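Each ligand, and each atom within it, is numbered from 1 in the order the structure gives. Every value quoted in this text rests on a predicted model; they were computed, and no experiment measured them.
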Amino acid sequence: MIYLDHSSTTPPSEAALKAMTEAAAVWGNPSSVHSAGREAAALLERSRAAVAKSLGMQKFSQDRLFFTACGTESNNIALLGCAAAKKRDPANPGTVLISAGEHPSIDNPAALLEKRGYTVVRIPTTGGILSLDALSEALAAAKEAGSPVIFAGFMLVNNETGALYDVKKASSLVKAAFPDALVHCDAVQGYMKTPFTPYSLGADTLTVSAHKINAIRGAAALFVSAEVMKRRNLTAVMPGGGQESGLRSGTENLVSIASFAAAAEEGRQNFGERRAAAEALRARLDERLARLEPLGVRVNRPEGASIPNICNLIAGRMRSETVLNDLSGRGICVSAGSACSAHAKKKSAALEAFGVSPDDADSAIRVSLSHLNTAEEIDAFADALELVLTTRQQKR
Ligand code: PLP
């Protein structure tokens with residue numbers, strides 16, 4: 001099998017699997033005060049320190065890192081937890097700003113808040129560029145309307161196009177206009193792909209997810225700045241036993257968390273090498289895809305910055321599902337848009353926000369690379385794509 005769908009999920013590394021197996025033997029509840037519990041709590045805190053280090057968090061800072069079950073949960077806690085943290089005027093609860101390309105785990109909770117009376121503004125991301133002019137206009141309009149921005153969410157890297165958004169600049173614009181707004185960054189696709197820390201992005205809260213970085217599924221993290229904790233700008237959306245300082249109740253999934261920590265540590269140590277490998281693979285992919293232009297293959301490359309790991313392409317006039325199935329029959333795994341939009345069976349909002357026409361979006365394929373891929377695999381993919389497109393076109 002040739003796996004070129006690393007933005008959907010990644011195979012767990014050996015170190016992540018080893019950490020998982022070892023953690024399974026540490027079965028105590030980290031909240032228990034007896035020795036079995038203390039052993040689990042120690043492993044939990046060692047894991048937290050490793051993930052915190054991978055995010056460049058300072059050892060003695062008051063900033064916090066909470067474990068959740070998935071990136072979706074971290075994003076929901078950030079947005080819905082921010083909305084619920086303060087008493088809001090039902091007639092004018094405030095404004096939520098998000099980018100138009102956000103993942104459904106931000107876009108759907110934002111739509112929920114919209115139904116509850118919040119003003120939600122989606123900032124255009126045409127061509128993979130977060131429009132800072134549109135953001136400034138939205139901030140001015142919120143001021144004018146007397147509807148303060150309570151939350152602004154900008155993903156670091158778009159999961160379908162690989163576009164890298166200028167979160168730092170967006171955050172400073174938001175903070176200058178509304179100093180009390182919570183600025184959130186969904187960094188799920190940027191984690192271990194592009195260098196950043198929550199500080200370099202000006203993020204108050206930030207999400208990363210384990211299964212995108214070669215750990216097993218079942219764990220993710222939410223960075224929360226000391227300032228947000230102090231101002232009580234975030235509250236639990238799922239009240240319970242008070243684990244994770246009360247922000248995310250439920251007994252921690254230590255097996256996944258330990259695996260996450262091992263993968264984070266590996267990713268941190270090998271960042272440069274892995275990034276260079278992805279760049280070389282993308283160069284190879286670009287070269288091979290350029291040869292398929294006569295078959296109608298085009299790359300949707302963001303005009304601004306992007307990460308080398310994600311390549312969105314239009315496969316001629318073929319429907320992506322057809323190409324995907326043909327490729328899958330040849331042992332090649334890629335996806336149409338993102339796995340989540342495939343599940344929702346609706347047109348990709350991110351591609352629409354990028355400016356891809358509905359016809360082209362029907363033929364969009366996402367190839368997502370990792371350091372585990374080889375140049376031979378890229379060649380095999382390009383050969384198979386050429387064969388699939390020529391065979392299909394002959395049949396028409
Ligand atoms: N945010 C982005 C940008 C993603 O790509 C994904 C998953 O694909 C998520 C959030 C959700 O992460 P999880 O699968 O851990 O819930």
Tell me whether Glu114 at atom CD has more than 12 heavy atoms from other residues, nucleotides or ligands lying less than 6.0 Å away. yes
Numbered atoms and elements of ligand 1 in range of Asn159, under 4.0 angstrom, heavy atoms: 3 (C), 5 (O)
If the cut-off is 4.0 Å to any non-hydrogen atom of Thr72, which atoms of ligand 1 fall inside it? 11 (C), 12 (O), 13 (P), 16 (O)
Is it the side chain, the backbone, both or neither of Glu73 that has a heavy atom closer than 4.0 Å to ligand 1? neither
Check this for me - ligand 1, Met155, N or O atoms closer than 3.5 angstrom, yes or no? no
Do Glu227 and Lys230 sit within salt-bridge range, that is, some charged N less than 4.0 Å from a carboxylate O? yes
Hey, which atoms in ligand 1 end up nearer than 4.0 Å to a heavy atom of Gln189? 3 (C), 4 (C), 5 (O), 8 (O)
Does atom CD of Glu287 have more than 12 heavy-atom neighbours from other groups under 6.0 Å away? yes
Could you verify whether a donor N or O on one side chain and an acceptor N or O on the other, from Ser363 and Ser320, lie under 3.5 Å apart? no
May I ask whether Lys212 has any heavy atom positioned less than 4.0 angstrom from an atom of ligand 1? yes
Please test Asn158 against Tyr165 for side chain to side chain contact (heavy atoms under 4.5 Å, CB included), starting from the C-alpha separation and ending with a verdict. CA-CA 8 Å; Asn158 184 273; Tyr165 297 142; 3.6 Å; yes
Would you call Ala220 a ligand 1 contact, heavy-atom distance under 4.0 Å? no
Honestly, is Lys193 close enough over Phe271, meaning NZ or CZ under 6.0 Å from the six-membered ring centre and within 45° of the axis? no
Which atoms of ligand 1 have any heavy atom of Ser105 under 4.0 Å away? 10 (C)
Counting only heavy atoms not in Arg217, do more than 12 sit closer than 6.0 Å to its CZ atom? no
Look at atom 1 (N) of ligand 1 and find which of Val208, Asp186, Thr207 reaches it with the closest heavy atom. Asp186
